[in-house]
Amino acid sequence: QVQLVESGGGLVQAGGSLRLSCAASGRTFSSYVMGWFRRAPGKEREFVSTMWSGGNTYYADSVKGRFTISRDNAKKTVYLQMNSLIPEDTAVYYCAASSGRSSGTYYSAPYEYDYWGQGTQVTVSS
């Protein structure tokens with residue numbers, strides 16, 4: 001069992017930055033595929049970014065060049081650095097962990113993940 005706890009959300013002006021953290025429990029964190037998703041008010045959950053255990057990353061087009069995912073396996077933590085924030089980034093952000101059973105996928109679909117955090121609110125004001 002893996003527990004995920006997000007932190008770092010808040011209110012920021014457009015153009016600003018935030019760094020989200022997701023602390024994980026469990027002994028095999030380093031082997032998990034980690035992802036970030038978000039849900040804006042009235043919208044479906046949306047893929048943001050993936051990071052594989054080997055360090056490869058993948059981003060949604062909407063955040064590419066502005067957001068950076070990283071992980072510290074010693075701290076069992078995954079991060080999402082968000083720069084140049086825009087109001088459209090306002091959402092509850094969730095981290096997720098997958099055991100990585102699938103191959104040939106970007107892990108951009110929620111069903112590919114086994115564990116989810118409770119989410120952290122990010123609000124970008126214009």
Evaluate Arg38 against Ser62 for side-chain contact (heavy atoms from CB on, under 4.5 Å), listing each step before the verdict. CA-CA 12 Å; Arg38 65 187 182 186; Ser62 59; 3.5 Å; yes
Closest non-hydrogen atoms of Asn83 and Ser17, given as atom of the first, atom of the second and distance, are OD1-OG, 2.9 Å
Without swapping roles, check the side chain of Ser53 against the backbone of Tyr32 for a donor-acceptor pair under 3.5 Å. no
Do Phe29 and Thr77 touch side chain to side chain, with heavy atoms closer than 4.5 Å? no
Check whether any side-chain heavy atom of Trp52 sits under 4.5 Å from a side-chain heavy atom of Tyr106, and report yes or no. yes
Any side-chain heavy-atom pair from Ser49 and Phe67 closer than 4.5 angstrom? no
Is there a side-chain contact between Phe47 and Glu112 (heavy atoms, below 4.5 Å)? no
Closest non-hydrogen atom pair, Val2 against Ala24: CG1-CB, 4.4 Å
Under a 4.5 Å side-chain heavy-atom rule over Ile, Leu, Val, Met, Phe, Trp and Tyr, are Val33 and Leu80 clustered together? no
Please report the C-alpha distance between Tyr94 and Leu4 in whole Å, then the side-chain angles of each, then the deciding distance to 0.1 Å, and finally whether the side-chain contact (heavy atoms from CB on, under 4.5 Å) criterion is met. CA-CA 9 Å; Tyr94 301 89; Leu4 303 173; over 6 Å; no
Could you tell me whether Lys43 atom NZ has more than 12 heavy atoms of other residues or ligands within 6.0 Å of it? no
Is the shortest side-chain heavy-atom distance between Asp72 and Tyr79 below 4.5 Å? yes
I would like to know whether Ile69 and Tyr58 meet side-chain contact (heavy atoms from CB on, under 4.5 Å); could you show each step before the answer? CA-CA 9 Å; Ile69 189 172; Tyr58 178 66; over 6 Å; no
A side-chain contact here means heavy atoms from C-beta on lying under 4.5 Å apart; do Glu6 and Tyr93 qualify? no
Spell out, as yes or no, whether a donor-acceptor pair under 3.5 Å connects the side chain of Thr50 to the backbone of Tyr107. yes
Nearest heavy-atom approach of Ser25 to Gln1 is OG-O, 4.3 Å
Do you know which two heavy atoms are closest between Ser125 and Leu11, and how far apart they sit? CB-CD1, 4.3 Å
Between Met82 and Val63, is there a side-chain heavy-atom distance shorter than 4.5 Å? no
With a cut-off of 6.0 Å (strictly less than), are more than 12 heavy atoms of other residues, nucleotides or ligands near CD of Gln3? no
Pro87 and Ala14: which non-hydrogen atoms are nearest, and at how many Å? CD-CB, 4.2 Å
Tell me the closest heavy-atom pair linking Gly8 and Leu18, and the distance in Å. O-CD2, 3.8 Å
With a 4.5 Å cut-off on side-chain heavy-atom distances among I, L, V, M, F, W and Y, is there a chain of contacts connecting Met34 to Tyr115? yes
Decide whether Val48 and Val92 are clustered together by the hydrophobic rule: side chain heavy atoms of Ile, Leu, Val, Met, Phe, Trp, Tyr closer than 4.5 Å, transitively. no
Go through the steps to decide whether Gln121 and Thr90 satisfy the test side-chain contact (heavy atoms from CB on, under 4.5 Å), and finish with yes or no. CA-CA 8 Å; Gln121 176 71 47; Thr90 295; 4.0 Å; yes
Could you tell me if the side chain of Tyr59 sits less than 4.5 Å from the side chain of Arg66, heavy atoms only? no
